[in-house]
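Positions are given from 1 along the sequence.
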Amino acid sequence: MVDLKLLRYGEAGRERPGLLDAAGQVRDLSGLIPDLEPGTLDDATLARLRSTNPDTLPVVDAPGRLGPCVAGVGKLVCIGLNYRDHADETGAAYPPEPILFMKATSSIQGPDDDVILPRDSVKSDWEVELGVVIGRAAKHVTEDQALDYVAGYCVINDLSEREFQIERGGTWDKGKGCDTFGPLGPWLVTRDEVPDPQAVRLWLDLDGVRRQDGTTANMIFTVAQIVSYVSDFMTLHPGDVISTGTPHGVGLGCKPPEYLRAGQVMRLGIEGLGIQTQRVRAYEDTVVAGD
């Protein structure tokens, strides 16, 4: 049996499945599964991968870019204001029930891909979050059953354009679903390796300065409560991802508020789940002449 740090490597749209072995080498999994996708996140498949000796798998000498750790995400469901200290810094009351919103799946990208500020953005913000990847269909599941429906966990940067989110008509989605605003990965770590998702440290640095440093113990609603709650409103399918909220230290909570600028670098991680690094770029710098 091996620890599973599952990943996808290769150019965007052509990623291959792999795992990170104990020596830090990427091993190719494409001989065992077609991809890390909804059809390969069930307990039986993950158990088969866990029982495979990594030494029997091909070494990937130059994996290059890492892609999102899950392919074919059907829904990216997010929870707002789910950390007590984050609610405190924004002056918001603790919600009596989880606040749900959706993040466009077109926002999903690799963990180290550049983040592109949207056109006309003036208030783009950072948010390190624990991601929950669903492994089997969940509908009206109880809180004590909820974690059995989880395939594993990953790091998410729930980037947010605050003007779009707060000042442009009263819905959050338009500030959350911008292209490049959903980096996933680097790894999908199976649930058995995270025995208590309420005891995990998460952090984010901006240009080398620690901005967020928190623990999932400070969540208002636990992962189990969230999975159960969301499943009462929509069926969660394999490959769906839930982003569970962010701790204090976001730009919106600074006094005065601070927001991302082109050229800055975000580095963020979660204990046991790996690290992301993203360079911020201006929208104008990505537009090809004539577009």
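- Using a 4.0 Å cut-off between a side-chain N of Lys or Arg and a carboxylate O of Asp or Glu, Arg162 and Asp125 qualify as a salt bridge.
- Atom CG of Leu268 and atom CZ of Arg211 lie 13.5 Å apart (nearest 0.5 Å).
- To the nearest 0.5 Å, atom CG of residue Asp173 and atom SG of residue Cys178 are 10.5 Å apart.
- No donor-acceptor pair under 3.5 Å is formed between the side chain of Gln225 and the backbone N or O of Glu143.
- Salt bridge Arg210/Asp205: present, at least one basic N to carboxylate O contact under 4.0 Å.
- Between the side chains of Asn157 and Gln276, no donor-acceptor pair is found at a separation under 3.5 Å.
- One distance of note links CG of Leu7 with SG of Cys154; it measures 12.5 Å at 0.5 Å rounding.
- The only member of Pro95, Pro98, Ser243 that meets side chain to side chain contact (heavy atoms under 4.5 Å, CB included) when paired with Ile79 is Pro98.
- With hydrogens and angles ignored, the 3.5 Å screen pairs no side-chain donor or acceptor of Lys174 with any backbone N or O of Ile166.
- Side-chain atoms of Glu163 do not come within 3.5 Å of backbone N or O of Arg168 as any donor-acceptor pair.
- For Asp28 and Arg16, the salt-bridge test passes: some basic side-chain N is under 4.0 Å from an acidic carboxylate O.
- Contact check on Asp192 versus Arg50 returns a salt bridge, with a Lys/Arg side-chain nitrogen under 4.0 Å from an Asp/Glu carboxylate oxygen.
- A donor-acceptor pair is defined here as one N or O able to donate and one able to accept, closer than 3.5 Å; no such pair exists between the side chain of Gln198 and the backbone of Met219.
- With respect to the salt-bridge test (charged N to carboxylate O, under 4.0 angstrom), the residues Asp113 and Arg65 qualify.
- The main-chain N or O of Glu161 is never found under 3.5 Å from a side-chain atom of Ser124 such that the two would form a donor-acceptor pair.
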Which is it for Asp42 and Arg136 under the salt bridge (charged side-chain N to carboxylate O under 4.0 Å, His left out) test, yes or no, and what are the steps along the way?
CA-CA 6 Å; Asp42 58 283; Arg136 60 188 176 109; over 6 Å; no
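- Counting heavy atoms from C-beta on, the side chains of Arg267 and Trp203 come closer than 4.5 Å.
- To the nearest 0.5 angstrom, Thr190 atom OG1 is 10.0 Å from Tyr153 atom OH.
- A distance of 13.0 Å separates CD in Glu15 from OG in Ser30, rounded to the nearest 0.5 Å.
- Among all heavy-atom pairs drawn from Pro186 and Leu66, the shortest one is CB-CD1, 3.8 Å.
- Checked against Thr246 for a side-chain hydrogen bond (donor to acceptor under 3.5 Å, both in side chains), the options Glu129, His86, Gln212 give a single hit: Gln212.
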Under the side-chain contact (heavy atoms from CB on, under 4.5 Å) criterion, do Lys139 and Ser231 qualify, and how do the steps go?
CA-CA 5 Å; Lys139 179 69 172 176; Ser231 79; 5.6 Å; no
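- In this structure, the separation between CG on Asn82 and CD1 on Ile226 is 4.5 Å, given to the nearest 0.5 Å.
- Note on Glu127 versus Lys176: salt bridge recorded, some NZ/NE/NH1/NH2 to OD/OE distance being below 4.0 Å.
- Heavy atoms only, all atoms of each residue included: Val150 and Arg191 are closest at O-NH1, 2.7 Å.
- A donor-acceptor pair is defined here as one N or O able to donate and one able to accept, closer than 3.5 Å; such a pair exists between the side chain of Asp240 and the backbone of Lys75.
- The residues Arg8 and Asp35 are annotated as salt-bridged, a charged nitrogen and a carboxylate oxygen being separated by less than 4.0 angstrom.
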